[in-house]
Amino acid sequence: GQGVEKDREKEMCHLEKAAIDGHPNVRFNLGCEEEGSGNIERAVKHFTIAANLGHDESIKALMEYFKEGFVDKDELAATLRAHKAAVDATKSPQRDAAEEYYRISRNGG
């Protein structure tokens, strides 16, 4: 917040704990941090773990790294299968109905 000194080391410690606890958004953010620091190999690992938990943006990042040669075809294929399994595991008739309701209400109809 404003007026509070930032403790980067403490911030990273909390982010890493959240990532270990299975939060895909945090795992993705750590991947972005590593990417920004030039640690592509570590970024790919974070993106892969997040994608395996069903995180869509991580799949997009891995596809880019595949195009650049940092991810091989078999690794990407395995990650895509795990991503699909994670997404499928969260599906339910109630969730589908809620998504349909939300889609219709946003389109005014």
Side-chain angles (χ1 to χ4, degrees):
Q2 290 182 334
V4 178
E5 188 175 320
K6 285 193 172 204
D7 185 338
R8 184 75 172 142
E9 190 174 316
K10 194 179 237 185
E11 176 188 5
M12 292 307 292
C13 180
H14 286 292
L15 287 175
E16 287 169 3
K17 176 156 179 14
I20 289 167
D21 287 344
H23 295 276
N25 289 339
V26 173
R27 196 53 93 161
F28 174 78
N29 289 342
L30 284 173
C32 292
E33 289 282 335
E34 293 293 355
E35 182 179 58
S37 297
N39 300 321
I40 303 305
E41 198 171 299
R42 286 179 59 97
V44 167
K45 287 180 183 179
H46 284 299
F47 292 143
T48 300
I49 293 167
N52 288 341
L53 295 170
H55 193 266
D56 294 334
E57 290 298 313
S58 293
I59 289 291
K60 291 177 185 174
L62 289 169
M63 294 295 268
E64 287 302 314
Y65 280 125
F66 171 72
K67 291 175 190 173
E68 295 172 15
F70 292 104
V71 177
D72 69 37
K73 184 178 175 180
D74 293 336
E75 186 180 2
L76 181 61
T79 302
L80 288 169
R81 286 191 298 273
H83 176 269
K84 182 179 181 333
V87 170
D88 288 348
T90 63
K91 291 193 176 190
S92 72
Q94 294 87 356
R95 189 174 295 233
D96 292 342
E99 286 176 4
E100 179 67 13
Y101 176 80
Y102 178 73
R103 186 185 62 75
I104 289 171
S105 67
R106 285 194 59 192
N107 292 332

Side chain to side chain contact (heavy atoms under 4.5 Å, CB included) between L30 and E34, worked out | CA-CA 6 Å; L30 284 173; E34 293 293 355; 5.5 Å; no

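- With hydrophobic clusters built from ILVMFWY side chains whose heavy atoms lie under 4.5 angstrom apart, V44 does not share a cluster with V26.
- Distance check: R8 CZ to L15 CG gives 7.5 Å after rounding to the nearest 0.5 Å.
- Scanning all heavy atoms of the two residues, the minimum distance from P24 to A50 falls at O-CB, 3.6 Å.
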Check against side chain to side chain donor-acceptor pair (under 3.5 Å), E35 and Y65 = CA-CA 11 Å; E35 182 179 58; Y65 280 125; 2.5 Å; yes

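- Look at K91 and E99 and you find no salt bridge, because none of the NZ, NE, NH1 or NH2 atoms lies under 4.0 Å from a carboxylate O.
- Here the straight-line distance linking atom CG of D21 with atom CD of E16 works out to 12.0 Å at 0.5 Å rounding.
- In this structure, CZ in F47 is found 8.5 Å from CD1 in I40, a value given to the nearest 0.5 Å.
- For the atom pair CG of L80 and CZ of F66, the computed distance is 9.5 Å after rounding to the nearest 0.5 Å.
- L53 and L76 fall into different hydrophobic clusters, where Ile, Leu, Val, Met, Phe, Trp and Tyr side chains are chained together by heavy-atom contacts under 4.5 Å.
- The shortest distance between side-chain heavy atoms of D96 and E100 does not fall below 4.5 Å.
- Ion pairing between a basic and an acidic side chain is recognised when a charged N comes within 4.0 Å of a carboxylate O; D56 and K60 show no such pairing.
- Here the NE2 atom belonging to H46 is positioned 12.5 Å from the CG atom belonging to L62, to the nearest 0.5 angstrom.
- In the hydrophobic clustering of ILVMFWY residues, with side-chain heavy atoms under 4.5 Å counting as a link, I59 and F70 come out together.
- Heavy-atom contacts from other residues, nucleotides or ligands closer than 6.0 Å to CD of E9 number 12 or fewer.
- Distance alone, capped at 3.5 Å, places no donor-acceptor pair between the N39 side chain and the R42 backbone.
- Remark: side-chain polar atoms of H55 are paired, donor with acceptor, to backbone N or O of S58 under 3.5 angstrom.
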